[in-house]
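Side-chain atoms are counted along with the backbone in the values below, which use heavy atoms only and exclude waters and symmetry mates. These numbers were taken from a predicted model, which means no experiment stands behind them.
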Amino acid sequence: KGLGMYRTIIHAQRDVSFVNCGRLLLGHAPNLRSLGEVPHTQMPTILRGCDALLTMSQHEACPNHVLEAMACGLPVLYLDSGATREIVGPAGRAVTEETFHVALESVLDRGNLTITPRDHVLRHFAPGRIFSEYLDAIRQAMR
């Protein structure tokens, strides 16, 4: 899940506050607030209180947390691995440990995004659209 990369970024970016939800144990840092596991009903409120989502997950096909964050309006800073680039599209930036700060500044200036994260996720991944595409793919595979 990119544990070492998260830790490196958190400790290198003391001027940035990080919030961690879930079971990932990132350790302790003065700029890290770990909430542990939170009920799914509270996640939208927590996400809307943030400026961006950082995900360093590797080799994921369709990370739900990325879609959830974009649905809440957050741009996504992501490790360029798996299909995350395809999902995020113009609603975020690929990052490494070395490029995090520049990418964060870029997405915080919302004028640098060609589409809002929420509009992007609704346009491409809303249930009414994506379910019919899944059904079409299944039907074609069955033929």
Side-chain angles (χ1 to χ4, degrees), residues 1-13 15-27 29 31-143:
K1 293 284 182 184
L3 184 61
M5 290 180 279
Y6 284 117
R7 287 180 177 157
T8 298
I9 290 170
I10 291 166
H11 288 284
Q13 305 296 326
D15 61 326
V16 177
S17 295
F18 294 88
V19 177
N20 178 41
C21 297
R23 293 177 288 206
L24 192 62
L25 300 175
L26 298 177
N31 58 332
L32 173 63
R33 193 169 123 218
S34 291
L35 301 178
E37 292 186 55
V38 296
H40 72 277
T41 56
Q42 292 179 7
M43 283 306 298
T45 301
I46 292 167
L47 288 169
R48 288 185 192 114
C50 297
D51 295 316
L53 174 80
L54 172 63
T55 181
M56 303 305 278
S57 292
Q58 298 175 20
H59 313 298
E60 291 202 46
C62 186
N64 286 335
H65 65 287
V66 169
L67 295 172
E68 292 164 353
M70 290 192 314
C72 289
L74 295 182
V76 178
L77 301 173
Y78 61 91
L79 179 67
D80 195 3
S81 175
T84 306
R85 174 183 289 275
E86 296 169 46
I87 293 167
V88 173
R93 300 283 182 270
V95 297
T96 63
E97 296 162 346
E98 294 79 21
T99 63
F100 170 81
H101 199 77
V102 171
L104 177 63
E105 292 297 322
S106 175
V107 299
L108 291 180
D109 179 359
R110 304 289 186 177
N112 288 329
L113 299 176
T114 58
I115 187 170
T116 68
R118 182 165 172 74
D119 288 343
H120 178 72
V121 80
L122 290 175
R123 183 177 298 165
H124 296 283
F125 301 102
R129 175 192 166 110
I130 203 73
F131 289 166
S132 63
E133 289 182 18
Y134 281 137
L135 290 174
D136 288 344
I138 292 167
R139 285 184 194 110
Q140 286 183 0
M142 289 173 53
R143 292 183 194 143

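- Residues satisfying the side-chain hydrogen bond (donor to acceptor under 3.5 Å, both in side chains) criterion with Asn31, sequence neighbours excluded, are absent altogether.
- Listed by first and then second residue, the ring pair (Phe, Tyr, Trp, His ring centres under 6.0 Å) pairs involving residues 107-143 are His120-His124 (not counting sequence neighbours).
- Among pairs with a residue in residues 78-113, those fulfilling ring pair (Phe, Tyr, Trp, His ring centres under 6.0 Å) read Phe18-Phe100, at least two apart in sequence or across chains.
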Donor-acceptor pairs under 3.5 angstrom involving side-chain atoms of residues 58-70: please list them, not counting sequence neighbours.
residue, atom, partner, partner atom, Å
Glu60, OE2, Lys1, NZ, 3.2
Glu60, OE2, Ser57, OG, 3.0
His65, NE2, Thr55, OG1, 2.7

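- In this structure, the salt bridge (charged side-chain N to carboxylate O under 4.0 Å, His left out) partners of Asp80, at least two apart in sequence or on a different chain, are Arg85.
- Listed by chain and residue number, Glu133 satisfy the salt bridge (charged side-chain N to carboxylate O under 4.0 Å, His left out) test with Arg129 (two or more places apart in sequence, or in another chain).
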Show every donor-acceptor pair shorter than 3.5 Å between a side-chain atom in residues 136-143 and any protein atom, with sequence neighbours excluded, or say none if there are none.
residue, atom, partner, partner atom, Å
Asp136, OD1, Arg139, NH1, 3.2

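- The side chain to side chain contact (heavy atoms under 4.5 Å, CB included) test with Pro75 singles out one residue from Asn112, Leu108, Val107, and that residue is Val107.
- Atom OG1 of residue Thr8 and atom CD of residue Gln13 lie 10.5 Å apart, to the nearest 0.5 angstrom.
- Counting only residues at least two apart or on different chains, no side-chain hydrogen bond (donor to acceptor under 3.5 Å, both in side chains) pair has a member in residues 15-26.
- When the salt bridge (charged side-chain N to carboxylate O under 4.0 Å, His left out) test is applied to Asp109, no partner is found at least two apart in sequence or on another chain.
- A search for side-chain hydrogen bond (donor to acceptor under 3.5 Å, both in side chains) contacts involving Thr96 returns Glu98, Thr99, not counting sequence neighbours.
- A search for side-chain contact (heavy atoms from CB on, under 4.5 Å) contacts involving Cys72 returns Pro44, Leu47, Arg48, not counting sequence neighbours.
- Contact detail for Arg118 and Ala71: the closest heavy-atom pair is NH1-O, 2.6 Å.
- Here the closest heavy-atom approach between residue Ala52 and residue Leu104 is recorded as CB-CD1, 4.2 Å.
- Counting heavy atoms from C-beta on, the side chains of Leu26 and His11 never come closer than 4.5 Å.
- Using a 4.5 Å heavy-atom cutoff, the side chains of Leu35 and Cys21 are in contact.
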